[in-house]
Number of protein chains: 2
Amino acid sequence: MTDDAWTIPEVAVAVDLAVLTVHDGALQIMLVRRGIPPFEGMLALPGGFLASTAEDLDAAAARELTEETGLGTEDLHLEQLGTYGAPDRDPRRRVVTVCYLAFSPDLPTPTAGGDAREAILLPVDEVLDHRTAVAFDHKKIISDAVERARSKLEYTTLGAAFCPPEFTMTDLRQVYEIVWGTSLDPRNFHRKITGVTGFLVPTGERVSRQVGRPAALYRRGDATVLHPAMLRNR
Amino acid sequence: MTDDAWTIPEVAVAVDLAVLTVHDGALQIMLVRRGIPPFEGMLALPGGFLASTAEDLDAAAARELTEETGLGTEDLHLEQLGTYGAPDRDPRRRVVTVCYLAFSPDLPTPTAGGDAREAILLPVDEVLDHRTAVAFDHKKIISDAVERARSKLEYTTLGAAFCPPEFTMTDLRQVYEIVWGTSLDPRNFHRKITGVTGFLVPTGERVSRQVGRPAALYRRGDATVLHPAMLRNR
DNA sequence: CCAAAAGTGTTGCTCGTACACCCATGA
DNA sequence: TCATGGGTGTACGAGCAACACTTTTGG
């Protein structure tokens, strides 16, 4: 590191959140509608500047998560996605934003009321469509977030992070199908997942969804990596 | 994003470089010895603060690369590794550093003289050893860089980025063996790599290394992903 | 009984590993 | 000629796609 501290330019550091969830049969992302310029009224990722010089980046991400979406940080996967710092990305001043990626189970009442600000859930296909306008460079960030999520399902057990605490094999398979936009053979999927030691723990319970044979219920296990990996067809 | 611009804390944004290369039979990382406090005299990653408010992060990384190591940015893989921003990571003031990862072919004269500052090449095993002191949180960054490199060899063609423009199959295999710290079957490796379309382009030339049958020379191809992937034994 | 969903068995293929074997060179 | 490294052939097994088949429920 060079240390010409007297020439250090003024840069504002922000933290943004790409919170993905599977809702209503689609991969959706949590967005807020901006109340002030620039990009007033436009969709944007929830986020904000560091609260103080002493605030850790991860802590800032967790704080923004609760503040803006009403979600708790416990039992929710949160990882750094990347840092975006093009000089002209914010017209007001130089802003470098560290973006975090979160996977959330489907929410009963998606932060409609309460202390959360106006958080909206929108399908990523719709948000990434060229007709949808998104503030700053957030469309690119969302695109990166979705690609990261798709890739993570291949070699980690994070697909289960989209499921409630207890879920069926079909619930998990539908996460994969929706995130990847493909269809998977239920029988091979079942065999494959049960073959990964530590991915799922059977609760012993069974649940009947509408019609047909009741499905076994599972909880998330300790495994974090998926071995062998679950590759999508490309 | 919230927009309480008047409360934005002062944060310095730096760019650090984790330049990895395979040299002398070991995975090595480029470091500099700090000339001023804090951590004076200690080993650190090359890097520095943004040159101006208008400088792009990627551009700053490329600039630091040439300034501190004498390496050109063309024909060298450079990607963002991650951002490190613990509040106490720099005792002087709050610094958030965006770290970039670079893969370099073995260098004939490793920036010994010329316009480059005092850049040193050290084996990562030695640097990561608990007896070696490294400035700031750079040991953690180096550890992340090495893990990322190991993982990237599995599913991308970036192993060839450690090789000179023309190289033999054995050169490439040794990159894998050294980076992963394993030994690979030369015959199966050969078949596997030649089976990936677009990874290597044979030049038609052959070269004789000391003794034995001469090896075919290859150049890097257009492929970036390795399919099927080359998984290490874990 | 029938439809529908859950789960098991089986087959054929792709790919990886292990290793026998041949090829081309320097000493 | 032998040692050394480059490269091909082949056999066995793991893992996966495709799909026939059985199990268990609601109507």
Side-chain angles (χ1 to χ4, degrees), chain A residues 25 153-155 157 159 163 166-178 180 182-219 223 225-234, chain B residues 25 153-155 157 159 163 166-178 180 182-219 223 225-234:
Chain A
L153 291 205
E154 290 194 315
Y155 56 94
T157 60
C163 296
E166 301 203 339
F167 53 95
T168 68
M169 195 57 83
T170 299
D171 292 336
L172 182 61
R173 177 170 48 82
Q174 284 173 348
V175 165
Y176 273 84
E177 293 181 330
I178 289 166
W180 284 352
T182 59
S183 75
L184 299 170
D185 186 303
R187 300 152 301 184
N188 292 333
F189 184 84
H190 183 282
R191 200 192 340 257
K192 168 102 190 160
I193 298 295
T194 47
V196 178
T197 54
F199 190 174
L200 299 189
V201 182
T203 65
E205 306 283 307
R206 305 188 148 267
V207 67
S208 213
R209 299 251 198 269
Q210 317 292 343
V211 63
R213 174 173 168 177
L217 275 178
Y218 297 91
R219 252 188 286 273
V225 293
L226 207 50
H227 186 74
M230 174 113 169
L231 305 169
R232 26 177 181 164
N233 317 337
R234 276 188 271 222
Chain B
L153 292 205
E154 290 193 315
Y155 56 94
T157 62
C163 297
E166 300 202 339
F167 53 95
T168 67
M169 195 57 81
T170 298
D171 293 336
L172 182 60
R173 177 171 48 82
Q174 284 174 348
V175 166
Y176 274 84
E177 293 182 329
I178 290 166
W180 284 352
T182 59
S183 75
L184 299 169
D185 187 303
R187 298 149 310 182
N188 291 333
F189 184 84
H190 183 281
R191 202 194 335 259
K192 168 103 191 161
I193 297 295
T194 49
V196 179
T197 55
F199 191 172
L200 298 188
V201 182
T203 66
E205 306 282 308
R206 304 188 151 269
V207 68
S208 214
R209 299 254 198 265
Q210 318 290 346
V211 64
R213 175 173 168 179
L217 277 177
Y218 297 92
R219 253 189 285 274
V225 291
L226 206 51
H227 186 72
M230 175 114 169
L231 304 170
R232 33 180 174 159
N233 316 335
R234 279 188 269 221

Salt bridge (Lys or Arg N to Asp or Glu O under 4.0 Å): pairs with one or both residues in residues 191-205 of chain B, sequence neighbours excluded: none
Do Asn233(B) and Thr182(B) have side-chain heavy atoms sitting under 4.5 Å apart? no
Within residues 169-178 of chain B or reaching into it, pairs that qualify as salt bridge (Lys or Arg N to Asp or Glu O under 4.0 Å) - sequence neighbours excluded: Asp171(B)-Arg209(B), Arg173(B)-Glu177(B)
Does some side-chain heavy atom of Trp180(B) sit less than 4.5 Å from a side-chain heavy atom of Met230(B)? yes
How would nucleotides 3-10 of chain D be written as a contact map, 5' to 3', with B for base contact, S for sugar-phosphate-only contact and - for no contact, using protein heavy atoms under 4.0 Å? -BBBBBBB
Which residues pass the salt bridge (Lys or Arg N to Asp or Glu O under 4.0 Å) test with Arg219(A), not counting sequence neighbours? Glu166(A)
Contact span of DNA chain C against chain B, any nucleotide atom under 4.0 Å from a heavy atom, 5' to 3', runs dG16(C) to dG26(C)
Taking Phe199(B)'s backbone N and O only, do any of them form a donor-acceptor pair with Thr157(B)'s side chain (distance below 3.5 Å, no angle check)? no
Pick the closest DNA chain D nucleotide for Asp185(A) and for Ser208(A) by heavy atoms, then say which residue is nearer the 5' end. Asp185(A)
Please list, chain by chain and in numerical order, all residues satisfying side chain to side chain contact (heavy atoms under 4.5 Å, CB included) with Arg206(B), sequence neighbours excluded. Pro214(B)
What's the separation between atom CG in Leu153(A) and atom CG in Leu226(A), rounded to the nearest 0.5 Å? 9.0 Å
